[in-house]
Structures are given as structure tokens and as C-alpha cells.
Amino acid sequence: MPTSMHSFIFLCILVSIPLTGGTQLILVNNCKESVWPGILGSAGHPTPKDGGFHLCSGEEVVLEVAEGWSGRIWGRQGCCFDPKTGRGSCQTGDCGGLMKCGGNGGVPPATLVEMTLGTSESGLHFYDVSLVDGFNLPVTMKAVGGGVGCGVAACEANLNVCCPSALVLKRQGKVVGCKSACLAAKSDRFCCTGEFAIPKSCKPSAFARLFKTLCPEAYSYAYDDSAGLKTCKAPRYEILPMEIFCHFKQLVE
């Protein structure tokens with residue numbers, strides 16, 4: 001089923017009732033168009049719902065993950081899938097041309113929400129919003145009821161409207177994503193690989209500094225730990241899109 005380019009993902013991770021040894025994830029689509037969440041468990045962790053699914057406008061899906069779960073969530077837009085085979089494509093965040101990503105990550109550029117949840121032995125949760133693989137959609141992750149000191153991981157700006165021309169990803173003549181310097185240049189310096197694979201030699205590029213200016217609470221390059229990585233012991237979290245993004249896309253469509 002095709003969707004227009006102003007589709008956006010609304011994800012809400014919420015623990016409304018304490019769960020024994022786990023966390024409840026409620027994914028909600030509050031936009032007027034269909035969306036396709038992508039999910040990938042880290043090595044050794046399961047991938048809920050086979051890694052992806054379709055959410056109609058106003059629909060929600062509840063997931064339960066075990067304590068200590070680690071993985072990433074991202075939004076896919078501009079998707080069209082065969083309802084019988086589950087095969088098709090997305091303009092951004094595509095995962096091997098499948099509705100159910102099944103262990104495949106999203107093709108960059110894609111804004112990532114990354115997390116490693118705590119356990120009964122170590123309750124501290126780690127989470128971030130990452131632009132290391134580029135940007136396609138604005139999103140924020142914050143603790144609910146976590147008390148003082150819990151950080152907000154976010155990229156609340158629409159980087160697509162101010163993306164440098166060298167990083168622009170277009171589909172059908174429209175800007176749908178903003179590549180990272182690593183993706184655009186494919187060099188060790190920008191990718192923090194090879195001789196640049198240590199914090200001392202891996203420095204933010206001019207493009208990463210631009211991302212950081214616009215989205216100060218997100219990872220802008222590989223070793224952006226001081227500002228990008230958040231920690232908390234909250235029992236619940238919310239991962240929200242900026243609803244204004246949906247309305248903005250409708251206005252400029």
C-alpha cells in the first residue's frame with residue numbers, strides 16, 4: 001500500500017504497569033498516514049514482531065521485551081509493500097525490501113533510537129538518538145517518572161530542510177533524507193575507522209558540527225558520548241516524533 005512522503009513514525013515506549021523482568025513497548029501512529037516501524041535487536045537479543053510491521057493511522061501495537069533488551073528502532077517512510085508477499089520498498093529506512101525486516105537494519109540515512117535496558121542486577125538504562133547513520137525523521141526519547149538527572153535524547157529539528165547539498169538524498173525530486181559525512185564521503189576520517197577508530201583521532205566533521213548545532217541532544221558522530229548518550233533508572237520511557245513534522249510536511253507537500 002503506497003503512502004505519501006509526509007508519513008512519519010510515532011513511537012511511544014510506555015510502561016503503564018510494572019512488568020516482571022521486562023518492559024512494555026506501545027507503538028502508536030498519531031499521524032494521518034500509514035507508517036512502518038523498523039526494529040532490530042542487538043546481537044544475542046530477539047527482534048520483536050519479526051523486525052517491522054504496518055501501522056495504520058490511529059493504530060497501536062503493544063510489544064513486551066525482556067529485561068536487559070538492547071536494540072534499535074527507526075522510522076520508514078514512503079513505503080509500498082505487496083500485502084501477500086510482504087515485499088516492496090521504502091524511500092527511507094528500507095530493510096532489504098521487506099515489511100518484516102527479519103534481522104535486517106535500515107538503509108541509511110535513517111534516524112536511530114538506540115537503547116540498552118537495565119536488569120535486576122544493574123538497573124541503569126542507556127539510550128540515545130543517533131545521527132551517525134544520517135537523518136530521515138525527527139524523534140525524541142525521554143524518561144517518564146525517572147526523577148532528576150534523566151536525560152532527553154532527541155533530534156527535534158527537521159534536518160532535511162537545511163541539509164547541505166553534498167549530503168542530500170532525494171526521491172522523486174524531493175529531499176527525504178540527509179546523509180552523514182561518512183555515508184557521503186566513505187572515508188576513514190569521516191567514518192572513524194582505520195587509523196581514526198579511536199576517540200583521540202576521531203573528530204567531528206563540519207557536517208557533524210552542523211547536526212550538533214541543530215540537534216544538540218543527539219549523537220552527531222561516533223564518539224559523541226558526552227552529550228549523546230543518556231542514562232536513567234526510570235520505569236518507563238516515551239519515544240515520540242515531533243508531531244509538528246507531520247503538519248509541516250502536509251503544508252509543503
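This one's a predicted model, so the numbers in the text were calculated from it and none came from an experiment. We use all heavy atoms of the structure for the numbers below, so side chains are in, but hydrogens, waters and symmetry mates are not.
Residue Tyr219 comes nearest to Gly228 through the heavy atom pair CE1-C, 3.4 Å, listed as atom of the first residue, atom of the second, then distance. The two atoms that bring Phe135 and Asn160 nearest to each other are CD2-OD1, 3.4 Å, heavy atoms only. Taking both residues in full, the closest heavy atoms of Cys215 and Ala154 are given as CB-O, 4.2 Å, listed atom of the first, atom of the second, then distance.
Criterion: ILVMFWY side-chain heavy atoms under 4.5 Å apart, direct or through other members. Under it, Leu112 and Leu40 are part of a common hydrophobic cluster. If you chain together hydrophobic residues whose side chains sit under 4.5 Å apart, Leu55 and Val139 fall into the same group. In the hydrophobic clustering of this structure, Leu131 does not group with Tyr223; members are Ile, Leu, Val, Met, Phe, Trp, Tyr whose side-chain heavy atoms approach within less than 4.5 Å, directly or through other members. Both Leu214 and Leu167 are part of a single hydrophobic cluster, where members link through side-chain heavy atoms under 4.5 Å apart. Cluster membership check: Phe190 does not share its hydrophobic cluster with Leu169, using side-chain heavy-atom separations under 4.5 Å among Ile, Leu, Val, Met, Phe, Trp and Tyr.
Around NZ of Lys230, the count of heavy atoms belonging to other residues, nucleotides or ligands within 6.0 Å exceeds 12.
In this structure, cysteines Cys90 and Cys79 have SG atoms closer than 2.5 angstrom.
Paired with Cys95 under the rule side-chain contact (heavy atoms from CB on, under 4.5 Å), one option of Val107, Ile39, Asn104 passes, and it is Asn104.
Using a distance-only test at 3.5 Å, with no hydrogens or angles considered, no donor-acceptor pair links the side chain of Thr140 to the main chain of Val152. Using a distance-only test at 3.5 Å, with no hydrogens or angles considered, no donor-acceptor pair links the side chain of Asp50 to the main chain of Gly102. For Arg76 (side chain) and Pro37 (main-chain N/O), a donor-acceptor pair under 3.5 Å exists by modelled atom type. In this structure, Thr111 contributes its side chain and Leu137 its backbone to a donor-acceptor pair below 3.5 Å.
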task: List the steps, then state whether side chain to side chain contact (heavy atoms under 4.5 Å, CB included) holds for Val113 with Tyr127.
output: CA-CA 7 Å; Val113 180; Tyr127 53 99; over 6 Å; no

message: With side chain to side chain contact (heavy atoms under 4.5 Å, CB included) as the criterion, how do His45 and Leu117 come out once you've worked through the C-alpha distance, each side chain's angles and the decisive distance to 0.1 Å?
response: CA-CA 11 Å; His45 296 270; Leu117 303 178; over 6 Å; no

